[in-house]
Amino acid sequence: MQNNVKNIFDSFNDYLVKEQELRTEIRDIVRDIDQAAKEAAIALQVIHSSIADVSAACANARTFFDTCREGYAKLAALIPAGQYYRYHDHWHYMTQRIVFLIALTIYLEKGFLVTRDTAADILGLSVSQQQGFHLDIEDYLVGILQLASELSRYAVNSVILGDYEKPLTISKFVADLNSGFRLLNLKNDSLRKRFDALKYDVKKIEEIVYDISIRGLRTEATGAAAVGGGAAAAETPSAPTAEPAGAEEKQA
């Protein structure tokens, strides 16, 4: 082999070795973040079996979000500038799940939809692509759609636990969420397909509310409030409930 040819392919080999080493480091960090996310998910599962332990479950989950934040800081330092999307496939599914867990925690604590900015802040990320490592908007949106599915399950289990008020508030929240997503011009991709599943979550929750109503399990006050809320929704376009501007950091 001629020396110039050997030098060319030696440089290729060096590049491939460094690339493999970098991806191995990324996978190790992602594995640690993913483990923390699993622990947070386990902590939040208690909401399906106990009404009293919801606050403690949220506080416990937040400790694992801190671990995730540390992991994302390591990733941000490791990924070369301008190459975020080159390695994005390593962590985007995990990030969607973590956004879902953060959104569920915020909803259980405060009752509103977490914004992309607040979710990014909890993870120590930016929302600006120009700033390098950031929270991708599609990862945020898919995480929010996962929240709707979990809330439909939460509505069922709330009734089993004797809480007939919770499905009513969940129904209004998910309906607003559905209205908000309908404002988006989604293409025929994975996000669009995931959004199509939202209508089944809405229908499932509406059936739960209907069953509560016909069985006379709704209190008179709650029923009146629900009717009033529906009238208000008919007068003004619905959108996902979000925290007041300027209060995100403090509430998160």
Side-chain angles (χ1 to χ4, degrees), residues 30 33-34 37-38 40-41 44 61 65 68-69 71-72 75-76 79 84-155 170-205 233 237-245 247-249 251-252:
V30 167
I33 300 174
D34 192 51
K38 290 177 181 177
L44 290 172
F65 297 153
C68 294
R69 182 188 181 98
Y72 279 109
L75 282 177
I79 302 302
Y84 174 87
Y85 284 105
R86 179 177 182 179
Y87 302 100
H88 183 232
D89 60 301
H90 283 284
W91 60 75
H92 75 111
Y93 287 120
M94 175 189 69
T95 301
Q96 292 166 8
R97 185 167 65 254
I98 294 174
V99 168
F100 147 64
L101 294 170
I102 291 173
L104 177 60
T105 301
I106 296 294
Y107 176 79
L108 294 171
E109 292 176 337
K110 309 292 184 179
F112 52 63
L113 176 66
V114 68
T115 64
R116 181 186 174 203
D117 296 80
T118 301
D121 183 65
I122 290 174
L123 296 176
L125 303 177
S126 168
V127 294
S128 173
Q129 185 173 339
Q130 284 68 34
Q131 295 185 22
F133 206 97
H134 63 284
L135 175 58
D136 183 74
I137 189 168
E138 289 196 10
D139 290 342
Y140 167 76
L141 291 174
V142 172
I144 298 305
L145 288 169
Q146 291 178 16
L147 171 65
S149 296
E150 186 70 8
L151 288 180
S152 68
R153 179 188 172 205
Y154 185 38
I170 290 175
S171 178
K172 178 64 169 64
F173 176 82
V174 175
D176 286 347
L177 199 62
N178 184 47
S179 298
F181 269 95
R182 290 184 181 278
L183 297 175
L184 304 179
N185 183 22
L186 300 176
K187 297 181 180 179
N188 189 22
D189 56 10
S190 58
L191 180 58
R192 172 71 195 195
K193 292 176 182 178
R194 187 63 190 81
F195 166 63
D196 288 341
L198 178 59
K199 63 184 178 183
Y200 297 106
D201 296 324
V202 173
K203 181 180 179 181
K204 181 177 179 180
I205 297 171
S238 297
T241 307
E243 57 266 65
E248 301 168 11
E249 306 295 332
Q251 291 165 336

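Since we're looking at a predicted model, the values are computed, not measured.
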side-chain contact (heavy atoms from CB on, under 4.5 Å) evaluation trace for Ile144 with Val114: CA-CA 9 Å; Ile144 298 305; Val114 68; 4.3 Å; yes
Answer yes or no: is there a side-chain heavy-atom contact under 4.5 Å between [X] and [Y]?
X      : Y      : value
Leu44  : Thr105 : yes
Leu113 : Asp176 : no
Phe173 : Leu151 : yes
Leu191 : Phe195 : no
Tyr154 : Leu108 : yes
Ile33  : Ile98  : yes
Tyr107 : Ile170 : yes
Val142 : Val99  : no

Pairwise distance [atom1]([X]) to [atom2]([Y]) - rounded to 0.5 angstrom:
X      : Y      : atom1 : atom2 : answer
Ser152 : Lys203 : OG    : NZ    : 13.5 Å
Leu177 : Arg182 : CG    : CZ    : 11.5 Å
Leu123 : Thr118 : CG    : OG1   : 11.0 Å
Gln146 : Asp201 : CD    : CG    : 11.0 Å
Lys38  : Leu101 : NZ    : CG    : 12.5 Å
Arg116 : Leu135 : CZ    : CG    : 5.5 Å

Any donor-acceptor N or O pair under 3.5 Å, side chains Asp136, Tyr84: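 Asp136 vs Tyr84: no donor-acceptor pair found between side chains.
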Thr95 side chain to Tyr72 side chain, donor-acceptor N/O pair below 3.5 angstrom: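 Thr95 vs Tyr72: donor-acceptor pair found between side chains.
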Heavy-atom donor-acceptor pair, Arg69 side chain to Leu125 backbone, under 3.5 Å: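 No; zero donor-acceptor contacts below 3.5 Å.
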Polar side-chain atom of His90 near backbone of His88 as donor-acceptor pair, under 3.5 Å: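 No, His90 side chain to His88 backbone: no donor-acceptor pair under 3.5 Å.
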Distance flag, aromatic centroids of His92 and Tyr87, threshold under 6.0 Å: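 They do not qualify: ring centres at least 6.0 Å apart.
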Over 12 non-hydrogen atoms of neighbours within 6.0 angstrom of OH in Tyr93: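 It does not: Tyr93 OH has 12 such atoms or fewer within range.
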CA sep, side-chain torsions, deciding dist, call: Glu138, Arg194, side-chain contact (heavy atoms from CB on, under 4.5 Å): CA-CA 11 Å; Glu138 289 196 10; Arg194 187 63 190 81; over 6 Å; no
Step-by-step side-chain contact (heavy atoms from CB on, under 4.5 Å) determination, Leu145 to Phe181: CA-CA 9 Å; Leu145 288 169; Phe181 269 95; 3.7 Å; yes
